[in-house]
Visitor: 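Below you'll find the structure I mean.
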Amino acid sequence: GGMPVGLVQFIYSIIFFTVAARIALHPERLTEYLGKRLTPILLTLIVIIFVVSQIHPTGSAAAPVGMYAFAPVIYGFQYGYQTMDALAALTFGTVIALNIREQGITEEKAVVKETISAGWIAGGCLILIYAMLNYVGMLAGGAFTGMENGTDVLLLTVHALFGNTGTLVLALVFFIACFNTCVSLLSCCGKYFNELFPQISFPHWVFLFAGLSMLISNVGLNTILKVSVPVLNAIYPPALLLMTDAGMFSSTSSPPCRNKEKASAADPFSPDQTGLRPLPDDTDENRASIVVTEYTYRLYFRIWSVICQ
């Protein structure tokens with residue numbers, strides 16, 4: 001006769017996003033609030049889960065099925081869109097720079113250097129974290145089947161490793177990971193839209209985004225993934241191209257397509273230009289996701305080539 005799960009989830013989401021929004025109002029202090037306190041706890045818990053899963057594996061790797069058997073690299077790459085790390089990174093630069101200046105570094109070149117260093121460190125940590133979580137999930141593949149998403153797999157894994165305590169451990173991992181990202185995104189988006197529309201104050205933007213996020217969070221993970229995948233498939237390719245272009249040509253004053261004649265003469269849709277294999281003529285329904293991914297990248301490669309000309 002307890003409270004309905006939906007009501008508990010709704011109350012929790014209100015508390016979660018209210019606290020996140022209040023902390024997001026102080027972007028210059030996020031290093032103190034998040035980096036020095038919560039992030040070390042998060043990394044420690046993930047390492048503990050990984051190490052214990054190696055000592056007491058829950059199972060063995062199962063044979064790949066579905067799209068992972070047909071095109072594991074492309075499908076895994078596309079599935080990684082759901083982390084949204086790259087999209088978040090595009091907005092985090094402002095907050096990182098603010099926190100660097102808060103440490104007493106004010107010279108512009110030094111701030112840029114430290115921001116780039118922070119990006120490399122964060123990228124390296126993310127590689128290690130996802131490698132550990134993927135390996136834990138791979139070991140669980142033979143023991144737990146028919147799961148709807150990775151959250152279910154991790155939940156069963158930690159329960160098998162730690163019992164009921166494992167559920168609390170995973171809940172803490174999810175809470176810290178989501179809370180850190182939520183606070184940072186609220187702060188970054190609030191500052192960006194405040195600069196774009198200064199008639200609305202920064203705190204109002206922060207609480208507006210927090211309220212919208214709170215409502216969306218209550219529809220459930222599977223629904224969010226179902227709706228977000230088509231959107232991510234559309235916006236991730238140009239985001240990755242933008243970051244690649246900035247990383248490769250930021251030190252040069254000339255545009256990336258310096259040889260316009262060569263760029264215009266080349267066929268952007270050929271495998272030589274895109275690095276993608278030719279699309280099959282008889283693509284069936286099971287391969288639709290891969291086809292959409294390849295065509296999307298070809299489309300944005302074509303747009304990029306035309307802009308450079």
Visitor: Do F17 and V183 belong to the same hydrophobic cluster, where Ile, Leu, Val, Met, Phe, Trp and Tyr are linked whenever their side-chain heavy atoms lie under 4.5 Å apart, directly or via other members?
Guide: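 Yes, same cluster.
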
Visitor: Tell me, please, which residues at least two apart from E108 pass salt bridge (Lys or Arg N to Asp or Glu O under 4.0 Å).
Guide: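 With neighbours one apart ignored, the set is R101.
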
Visitor: Could you tell me the separation between the OG1 atom of T223 and the CG atom of N218, rounded to the nearest 0.5 Å?
Guide: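 Separation between the atoms: 11.5 Å.
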
Visitor: With clusters defined by side-chain heavy atoms of hydrophobic residues (ILVMFWY) lying less than 4.5 Å apart, directly or transitively, does M214 cluster with I11?
Guide: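 Per the 4.5 Å side-chain linkage, I11 and M214 are co-clustered.
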
Visitor: Under a single-linkage definition using a 4.5 Å side-chain heavy-atom cutoff for Ile, Leu, Val, Met, Phe, Trp and Tyr, are L170 and Y130 assigned to the same hydrophobic cluster?
Guide: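 No, it is not one cluster - the side chains of L170 and Y130 are not joined through contacts under 4.5 Å.
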
Visitor: To the nearest 0.5 Å, tell me how far F16 CZ sits from Q9 CD.
Guide: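 Rounded to the nearest 0.5 Å, the CZ-CD separation comes out at 12.0 Å.
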
Visitor: Any chance you could measure I100, atom CD1, to T115, atom OG1, to the nearest 0.5 Å?
Guide: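 Between I100 CD1 and T115 OG1, I get 3.5 Å after rounding to 0.5 Å.
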
Visitor: If you link ILVMFWY side chains whenever their heavy atoms are less than 4.5 Å apart, which other residues fall into the same cluster as V112? By chain and number, please.
Guide: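 V112 shares its hydrophobic cluster with I116, W120.
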
Visitor: Can you give me the closest heavy-atom contact between A118 and I96, atom names plus distance?
Guide: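 Scanning both residues completely, I find the closest heavy atoms to be CB-CG2, 4.2 Å.
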
Visitor: Which pairs pass side-chain hydrogen bond (donor to acceptor under 3.5 Å, both in side chains) with one or both residues in residues 154-170, sequence neighbours excluded?
Guide: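 Checked against side-chain hydrogen bond (donor to acceptor under 3.5 Å, both in side chains) - neighbours excluded - the pairs reaching residues 154-170 are H159-N164.
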
Visitor: If you link I, L, V, M, F, W and Y whenever their side-chain heavy atoms are under 4.5 Å apart, who else ends up in the same group as I224?
Guide: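 So far as hydrophobic clustering goes, I224 is joined with I216, V219.
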
Visitor: Give every residue pair that meets the side-chain hydrogen bond (donor to acceptor under 3.5 Å, both in side chains) criterion with at least one member in residues 173-191, sequence neighbours excluded.
Guide: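 Sorted pair list: T39-N180.
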
Visitor: Treating Ile, Leu, Val, Met, Phe, Trp and Tyr as nodes and any side-chain heavy-atom pair under 4.5 angstrom as an edge, say whether F50 and F174 lie in one connected cluster.
Guide: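 Shared cluster, yes.
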
Visitor: Side-chain heavy atoms nearer than 4.5 Å, only ILVMFWY residues, links allowed to pass through others: does that put V19 and L42 together?
Guide: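 V19 clusters together with L42.
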
Visitor: Apply ring pair (Phe, Tyr, Trp, His ring centres under 6.0 Å) to F207 and list each qualifying residue two or more places apart in sequence or on a separate chain.
Guide: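 Applying ring pair (Phe, Tyr, Trp, His ring centres under 6.0 Å) to F207 gives none.
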
Visitor: Angle class for the W205/F193 ring planes (parallel below 30°, perpendicular above 60°, tilted otherwise)?
Guide: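 Plane angle between 30° and 60°, so tilted.
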
Visitor: Do you know the tightest heavy-atom contact between A140 and V153?
Guide: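 For A140 versus V153, the nearest heavy atoms are CB-CG1, 3.8 Å.
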
Visitor: I need the E114 CD to I105 CD1 distance, nearest 0.5 Å.
Guide: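 That separation rounds to 4.5 Å.
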
